Number of protein chains: 2
Amino acid sequence: MSYTYKYPKPSVTVDCVVFGLDDAQKLKVLLIQRGIAPYQNKWALPGGFIGLDESIATAAARELKEETGIDKVFLEQLYTFGEVDRDPRDRIITVAYYALINIGEYVVKARTDAKNAKWFSVEELPPLAFDHDRIFSVAKERLKGKLRYQPIGFELLPSKFTLTQLQRLYETVLEQKLDKRNFRSKILKMKLLVDLEEMQAGVSHRPAKLYQFDKKRYQELEQKEFNFEI
Amino acid sequence: MSYTYKYPKPSVTVDCVVFGLDDAQKLKVLLIQRGIAPYQNKWALPGGFIGLDESIATAAARELKEETGIDKVFLEQLYTFGEVDRDPRDRIITVAYYALINIGEYVVKARTDAKNAKWFSVEELPPLAFDHDRIFSVAKERLKGKLRYQPIGFELLPSKFTLTQLQRLYETVLEQKLDKRNFRSKILKMKLLVDLEEMQAGVSHRPAKLYQFDKKRYQELEQKEFNFEI
DNA sequence: GCAAAAGTGTTCTAGTTACACCCATGC
DNA sequence: GCATGGGTGTAACTAGAACACTTTTGC
């Protein structure tokens with residue numbers, strides 16, 4: 001089967017920058033090792049071609065699932081990259097997405113075109129295929145910029161978390177120290193966290209209270225011109 | 001001539017949301033009237049297909065020039081729209097851009113596929129072709145959100161402007177009244193405006209001082225973690 | 001001299017920053 | 001009992017909000 005058009009067309013792909021936090025609250029990104037040329041064996045962002053019968057966001061979610069097993073996560077469009085020479089084969093435009101996931105919830109598995117899938121610390125990335133290092137750095141900036149003004153950090157944590165975990169997450173992503181007392185009073189004043197009246201377990205020090213993000217309440221407040229800000 | 005591929009491909013276009021301010025400091029958007037089907041005679045955003053030998057941003061600038069005569073303006077990627085049914089002909093993905101221009105500098109002229117080009121007040125838009133009303137509203141929100149944190153408003157004004165003009169621009173786009181004294185001291189404190197020591201002419205009241213935005217200085221300050229904010 | 005917009009400071013309020021000690025748990 | 005992180009309030013400072021009158025020009 002083949003397809004013929006009157007004018008030449010670029011191909012269109014999606015690529016996903018998947019962020020996660022490990023146990024030590026380090027920021028990680030999920031890469032796949034390419035099983036096929038070009039850039040065979042090189043590390044790259046998971047992604048692939050957009051089908052004619054699926055929207056771009058659907059394609060991003062599908063590719064993520066196919067290549068890494070990850071499903072039903074925060075996924076948002078980042079930017080579209082379309083330099084003429086960004087792919088050696090052909091003219092390929094890619095719509096990049098970024099995803100935020102709680103690493104603990106998934107065991108990543110390489111599938112289809114990927115011979116391997118692995119979490120890398122954002123500070124020690126291997127050289128990436130195509131212009132994926134550029135895409136990654138745009139994603140990192142977006143995450144950093146958006147974290148303060150939108151409650152997206154919770155996507156990186158388990159549904160029950162401690163205030164210290166939350167603060168570490170902010171410190172890691174924003175790359176700056178925050179004051180413990182100021183951080184806590186600011187976040188609690190927003191009334192977006194539910195105190196679960198439950199304690200952290202299995203730690204060899206005073207256990208911390210567990211909280212949960214109240215998404216429903218945030219959506220209500222959002223209507224009334226409430227602005228999240230840390 | 002025709003082109004054959006192993007897999008079917010979507011087409012890729014660019015569309016531009018061009019904002020301008022008229023003499024009465026009203027926000028306007030530039031639309032073209034389509035000369036060809038589909039949506040013949042309907043108003044639409046200027047745009048067209050991406051060539052294989054040009055980047056997306058280049059294509060956006062080229063289409064803008066071809067269809068309206070506008071050249072060398074602030075042009076930034078907005079979002080990529082790719083719902084399956086957004087174009088009745090075929091699967092078409094569009095990378096939307098938004099442009100900010102000083103209306104006074106250009107006389108818009110319809111060319112190529114456009115039978116007409118015209119400025120519309122953003123409050124009284126006609127029904128638009130395709131999903132262009134959605135694209136427009138995303139652009140308007142982006143402009144509104146970005147205006148406070150990036151010095152992009154100056155792109156909408158002539159290079160020499162008064163503080164009142166600048167304030168009106170902010171009030172128009174943000175859809176809120178601002179306090180004259182607070183606005184002035186805030187913007188002047190940033191030291192980004194050059195006092196041209198020149199007066200507004202041809203007005204039947206006390207003439208205002210003219211200022212110019214110091215882009216070079218802004219770029220320097222930007223390096224040093226300076227943040228523009230109104 | 002009047003209409004129209006330009007220009008200019010101060011006070012009050014709210015929010016942000018800086019800062020240090022006691023507490024609960026596991027080993 | 002000691003090591004580890006959890007939890008808590010106040011004072012000083014800074015930034016933002018509210019607010020009214022005089023000046024200059026054209027007609």
Side-chain angles (χ1 to χ4, degrees), chain A residues 21-26 147-149 157-158 160-172 174-212 221 225-230, chain B residues 21-26 147-149 157-158 160-172 174-212 221 225-230:
Chain A
L21 271 190
D22 70 5
D23 301 326
Q25 305 281 117
K26 287 281 171 212
L147 190 67
R148 301 189 77 117
Y149 306 107
L157 293 176
K160 299 175 180 188
F161 52 84
T162 70
L163 294 180
T164 301
Q165 279 180 294
L166 187 62
Q167 186 182 339
R168 293 255 181 292
L169 151 63
Y170 273 86
E171 290 177 335
T172 301
L174 299 178
E175 300 176 284
Q176 61 175 280
K177 274 264 158 211
L178 300 173
D179 179 89
K180 180 160 69 163
R181 278 176 288 192
N182 294 340
F183 180 82
R184 284 170 181 238
S185 60
K186 206 163 177 180
I187 196 103
L188 290 175
K189 217 185 317 176
M190 287 193 252
K191 307 256 185 219
L192 287 172
L193 298 188
V194 182
D195 180 346
L196 293 172
E197 312 204 341
E198 196 180 329
M199 293 291 170
Q200 192 182 25
V203 289
S204 74
H205 54 75
R206 176 173 173 179
K209 279 187 179 178
L210 290 171
Y211 291 87
Q212 193 162 35
L221 287 175
E225 316 196 27
F226 164 84
N227 285 311
F228 181 89
E229 188 181 344
I230 287 291
Chain B
L21 270 191
D22 69 6
D23 301 326
Q25 305 282 117
K26 287 282 170 211
L147 191 68
R148 302 190 75 115
Y149 307 106
L157 293 176
K160 300 175 179 187
F161 52 84
T162 69
L163 293 181
T164 301
Q165 280 180 294
L166 187 61
Q167 185 181 339
R168 293 256 181 291
L169 150 62
Y170 273 86
E171 290 177 335
T172 301
L174 299 178
E175 299 175 284
Q176 61 174 278
K177 274 265 158 211
L178 298 172
D179 179 89
K180 181 160 70 161
R181 279 175 287 192
N182 293 341
F183 180 84
R184 285 170 180 238
S185 59
K186 205 162 178 181
I187 196 103
L188 291 174
K189 217 182 321 174
M190 288 193 251
K191 307 253 183 223
L192 287 171
L193 298 188
V194 183
D195 179 347
L196 293 171
E197 312 202 342
E198 197 180 327
M199 293 291 170
Q200 192 183 25
V203 289
S204 73
H205 54 76
R206 177 171 173 180
K209 279 187 178 178
L210 290 170
Y211 291 86
Q212 193 162 34
L221 288 175
E225 315 195 27
F226 164 84
N227 285 310
F228 181 89
E229 189 182 341
I230 287 293

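The shown structure was predicted, so the numbers you read here are calculated from the model rather than taken from an experiment. Just so you know, these numbers use all the heavy atoms, side chains as well, and skip hydrogens, waters and symmetry mates. Here is how names work: the chains are called A, B, and so on, in the same order as the sequence lines, proteins then strands, and each is numbered from 1.
Nucleotides of DNA chain C nearest to K180(A) and V203(A) differ in position, and the one nearer the 5' end is that of K180(A). Of the two residues contacting DNA chain D, namely S204(B) and T162(A), the nearest-nucleotide position lying further toward the 5' end is that of T162(A). Mapping A208(B) and R181(A) onto DNA chain C by nearest heavy atom places A208(B) closer to the 5' end of the strand.
Neither OP1 nor OP2 of dA5(C) sits under 4.0 Å from any side-chain N or O of T164(B). Phosphate proximity of dG7(D) to R184(A): present, with a side-chain N or O under 4.0 Å from OP1 or OP2.
Heavy-atom contacts from other residues, nucleotides or ligands closer than 6.0 Å to CG of D23(A) number 12 or fewer.
Distance, D179(A) CG to dA20(C) C1': 11 Å, rounded to whole Å. Across the protein-nucleic acid pair, Q176(B) atom CD and dG16(D) atom P stand 14 Å apart, rounded to whole Å. Per the geometry, CZ belonging to F183(A) stands 16 Å off C1' belonging to dT8(D), to the nearest Å. Distance, I230(A) CD1 to dT17(C) C1': 15 Å, rounded to whole Å. Across the protein-nucleic acid pair, L210(B) atom CG and dG7(C) atom C1' stand 15 Å apart, rounded to whole Å. Going from atom NE2 of H205(B) over to atom P of dG7(C) covers 10 Å, rounded to whole Å. As a whole-Å value, the separation of Q200(A) CD from dG26(C) C1' is 13 Å. Atom-to-atom, CD of Q167(A) to C1' of dG7(D) comes out at 12 Å; the value is rounded to the nearest Å.
Under the 6.0 Å cut-off for aromatic ring centres, F183(A) and Y170(A) qualify, their centroids lying closer than that.
Between K160(B) and E198(B) there is a salt bridge, with a side-chain nitrogen of the basic residue lying less than 4.0 Å from a carboxylate oxygen of the acidic one.
In the model, R184(A) has a side-chain atom that pairs as donor or acceptor with a side-chain atom of T164(A) under 3.5 Å.
Here the side chain of R206(B) is nearest to one of dT4(D), dA5(C), dC19(D), namely dA5(C). Closest to the K186(A) side chain, of the nucleotides dT16(C), dG6(D), dT25(D), is dT16(C).
Side-chain contact between F161(B) and L193(B): present, with at least one pair of heavy atoms (C-beta onward) separated by less than 4.5 Å.
For K209(A) against dG7(D), no side-chain N or O and base N or O form a donor-acceptor pair under 3.5 Å.
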